Amino acid sequence: MGKYKYEAQKKAAEARKKQKTQDVKEIKMRPNIDTHDYDVKMRSISKFIGEGDKVKVTLRFRGREMAHQELGMQLLQKVKEDTDKIAKVDAEPKLEGRQMMMVISPAK
């Protein structure tokens, strides 16, 4: 009986070791991000998606940037278009206080 339990335990541990948990990685941006900075962030996003993780893109508005929320929406639409080959949108862009968020996950 003890040997059987031990084997079952080993098998369960091996199965747990092989499974991949899906993490949520966060990328933070600002609405007036420069092109090179944007490219660097996009490389990180594609790396995270390639590893099978979800990515939460957070846009933070400061001060008067709140008056131009359409710029933030355009930026998140651009992120969505640039990642549509490798990812699908889980949560559409929405404003929560001074942050606009969107969640994308790997396209299966």
Side-chain angles (χ1 to χ4, degrees):
M1 192 66 196
K3 186 177 181 183
Y4 171 76
K5 268 187 179 173
Y6 174 74
E7 292 295 331
Q9 221 173 9
K10 291 277 281 186
K11 207 176 280 184
E14 195 63 34
R16 271 197 307 273
K17 199 187 297 179
K18 284 183 182 160
Q19 71 181 204
K20 169 81 173 97
T21 58
Q22 195 174 45
D23 296 332
V24 177
K25 305 284 189 174
E26 186 174 18
I27 294 285
K28 294 184 180 180
M29 294 187 189
R30 296 282 308 283
N32 53 353
I33 191 169
D34 201 40
T35 51
H36 178 262
D37 297 335
Y38 176 80
D39 294 339
V40 170
K41 300 277 189 189
M42 290 310 292
R43 274 202 298 275
S44 299
I45 289 174
S46 52
K47 186 182 89 176
F48 292 150
I49 295 287
E51 291 170 358
D53 295 325
K54 288 185 176 191
V55 179
K56 177 178 170 185
V57 184
T58 305
L59 247 165
R60 184 152 197 141
F61 294 97
R62 285 163 70 185
R64 285 203 194 130
E65 291 171 348
M66 284 301 284
H68 301 287
Q69 293 171 13
E70 70 280 355
L71 293 176
M73 201 51 132
Q74 287 169 7
L75 183 64
L76 288 179
Q77 292 298 332
K78 187 176 176 195
V79 170
K80 192 197 290 190
E81 289 164 17
D82 291 349
T83 58
D84 68 345
K85 300 251 189 306
I86 57 168
K88 66 182 191 302
V89 177
D90 276 3
E92 289 294 327
K94 68 174 187 285
L95 193 69
E96 287 180 15
R98 291 192 161 273
Q99 293 185 349
M100 196 177 276
M101 282 179 251
M102 174 174 78
V103 179
I104 53 179
S105 65
K108 297 272 185 281

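Residue indices begin at 1 and follow the sequence shown. Just so it is clear, the structure is predicted and the values come from calculations on it, not from any experiment.
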Which heavy-atom pair separates [X] from [Y] by the least distance, and what is that distance?
X	Y	result
His68	Phe61	O-CE2, 4.1 Å
Met100	Gln69	CE-O, 3.9 Å
Pro31	Leu59	N-CD2, 3.3 Å

Checking one residue: [X]. Which other hydrophobic residues are in its cluster under the side-chain 4.5 Å linking rule?
X	value
Tyr4	none
Val103	none
Val40	none

#### Entry: CD1-CE distance between Ile45 and Met29, expressed to the nearest 0.5 angstrom
4.5 Å
### Task
Any chance you could measure Glu65, atom CD, to Leu71, atom CG, to the nearest 0.5 Å?
9.0 Å
### Task
Please list, chain by chain and in numerical order, all residues satisfying salt bridge (Lys or Arg N to Asp or Glu O under 4.0 Å) with Glu51, sequence neighbours excluded.
none
### Query
Is any side-chain heavy atom of Arg64 closer than 4.5 Å to a side-chain heavy atom of Met66?
no
### Task
Would you please name every residue forming a side chain to side chain contact (heavy atoms under 4.5 Å, CB included) with Asp34, sequence neighbours left out?
Asp37
### Task
Keeping to residues at least two apart or across chains, list the side-chain hydrogen bond (donor to acceptor under 3.5 Å, both in side chains) pairs with something in residues 79-90.
Tyr38-Asp82, Lys54-Asp90, Lys80-Glu92, Lys88-Ser105, Asp90-Ser105
